[in-house]
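One structure below.
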Amino acid sequence: MKREELALEIVKDFPAEDFRQNLIEWFKKEQRTLPWRENQDPYRVWVSEIMLQQTKVETVIPYYENFLRQFPTLEDLASADEQEVLKAWEGLGYYSRARNLQTAVKEVVAEYDSKVPDTVREIGSLKGVGPYTQGAILSIAYDLPVPAVDGNVMRVLSRILLVDEDIAKQSTRKLFEALVSSLISSEDPSSFNQGLMELGAIVCTPKSPSCLLCPVQDHCRAFHKGIENELPVKSSKKTQKTIRYRTYIAENEDGEILIEKRPGKGLLANLWQYPMVLEEEAEKGWLDGLKIEEKGMVDRIKHTFSHLIWEMEVHRVKVISGTFNGEQGKFVSKNELTVYPFPVSHQKIHPYIR
DNA sequence: CAACCGTGGGG
DNA sequence: TCCCCAAGGTT
């Protein structure tokens, strides 16, 4: 069955008008007070949507408030120094979001007279703005009836409409976009989309949803069948790979510590760290061209990313002589080290070393 | 498509 | 400890 036909089949006999009314009324009454809900400024909505990608509301709030203080307008962000933008993002993760956002904002200044475009085609062409974010901005900032399907929406609608497609698969999002398109309010698409997400965030939660408090309980097929905990169907991700590194706290005769800059692409792009070498490539007595004197292992650090694991042996060494062959390395004073501005997360010289 | 790209918190 | 999760996008 084609996707549109399947969507029509699913919403057949569904009381859409009742559902819309209950959802929107609930949202207007119960929505949380959040800094990005002060007004409909497209720039403010945009920033919030980027920050909220894969990130909890409570985490985003302080970052958002600080970011808007530093870059109050789209023009301010467009003309800002990239290092400052990344610094403001420090600790939020997924740092390409920050770069893409600034790139896109610059394009809006240059190509759209500093006005955030209001069409799917134009806004969707901006860097970092995908299918979800374009729908979110268009509906929330411009009151346009466009689907904004995120994880919340798929969870909520999979229960209400009894959809058992695997939401881990990218293609499934399109089915839910078709469903939302047929259900969305033309009167208040903003409250409809936000209502679905808000419901997912505070009532229709992943584990033990609060069905007794749900404003659309009457319309929920999963609740009526008592299988709300079986939905949504989501295939589990596979286990992460483990990479072993040796990490050096390398001190020279002046008491300075060596740090290196990571490559400009890939994981933690451009972030500074203590020099790291793959464990199997760690040479005794040498570190990328530097002759060193081993002082002993001082710690073992395990850091889990979303898709891989680092296991690091931390060694303290004394630099005897030689020139560092790493990408970009330099010695900094211990004093400078503790406050090294960018982009080490949380004011630690190495994000994963205390 | 599936892999890549962070981080912090909850169960 | 381990797994899952959170207003996803890019390649």
Sticking with atom [atom1], work out how far [N] lies from [M], rounded to a whole angstrom.
N      : M      : atom1 : answer
dC4(C) : dG6(B) : C1'   : 15 Å
dA6(C) : dC5(B) : P     : 22 Å
dC1(B) : dG9(C) : P     : 16 Å

- Query: Is Lys302(A) near enough to dC2(C) that one of its side-chain N or O atoms lies under 4.0 angstrom from OP1 or OP2?
  - Reply: yes

- Do any side-chain nitrogens or oxygens of Lys234(A) fall under 4.0 Å of OP1 or OP2 in dC5(C)? yes

- Item | Residues that Phe324(A) engages under ring-ring contact (aromatic ring centres under 6.0 Å, His included), provided they are two or more places apart | none

- Item | Side-chain donor-acceptor pair present, Glu260(A), Gln273(A), cut-off under 3.5 Å | yes

- Query: Hey, can you pull the residues of residues 153-176 of chain A with a non-hydrogen atom under 4.0 angstrom from DNA chain B?
  - Reply: Gln170(A), Ser171(A)

Under 4.0 Å, heavy atoms only, any strand: does [X] hit a base, just the sugar-phosphate, or nothing?
X         : result
Arg32(A)  : base
Trp89(A)  : nothing
Gly266(A) : sugar-phosphate

Side chain of [X] - closest among [options]:
X         : options                 : answer
Pro131(A) : dG6(B), dC5(B), dG9(C)  : dG9(C)
Leu308(A) : dG8(B), dG8(C), dC5(B)  : dC5(B)
Leu268(A) : dG6(B), dT10(C), dG8(C) : dG6(B)

- Task: Mind jotting down which residue pairs meet the salt bridge (charged side-chain N to carboxylate O under 4.0 Å, His left out) criterion with at least one end in residues 247-258 of chain A? Sequence neighbours excluded, please.
- Result: Glu251(A)-Lys334(A)

- For residues 171-183 of chain A, the salt bridge (charged side-chain N to carboxylate O under 4.0 Å, His left out) pairs (sequence neighbours left out) are Arg173(A)-Glu177(A)

Send over the distance from [X] [atom1] to [N] [atom2], rounded to a whole Å.
X         : N      : atom1 : atom2 : value
Glu58(A)  : dA6(C) : CD    : C1'   : 9 Å
Ile50(A)  : dG6(B) : CD1   : P     : 15 Å
Leu101(A) : dC5(B) : CG    : P     : 21 Å

- Pairs meeting criterion ring-ring contact (aromatic ring centres under 6.0 Å, His included) with involvement of residues 213-258 of chain A, two or more places apart: Tyr245(A)-Trp310(A)

- Query: Quick one: ring-ring contact (aromatic ring centres under 6.0 Å, His included) pairs with a partner in residues 1-23 of chain A, sequence neighbours left out?
  - Reply: Phe14(A)-Phe19(A)

- Message: If you assign each of Trp36(A) and Val129(A) to its closest nucleotide in DNA chain C, which residue comes earlier from the 5' end?
- Response: Trp36(A)

- Comparing Asp150(A) with Lys127(A), nearest DNA chain C nucleotide closer to 5' gives the residue Asp150(A)

- Taking for Thr59(A) and for His307(A) the nucleotide of DNA chain B with the nearest heavy atom, the one nearer the 5' end belongs to His307(A)

- Got a donor-acceptor contact below 3.5 angstrom from the Trp46(A) side chain to the Ile50(A) backbone? no

- Is any side-chain N or O of Thr55(A) under 3.5 Å from a base N or O of dG6(B), one able to act as donor and the other as acceptor? yes

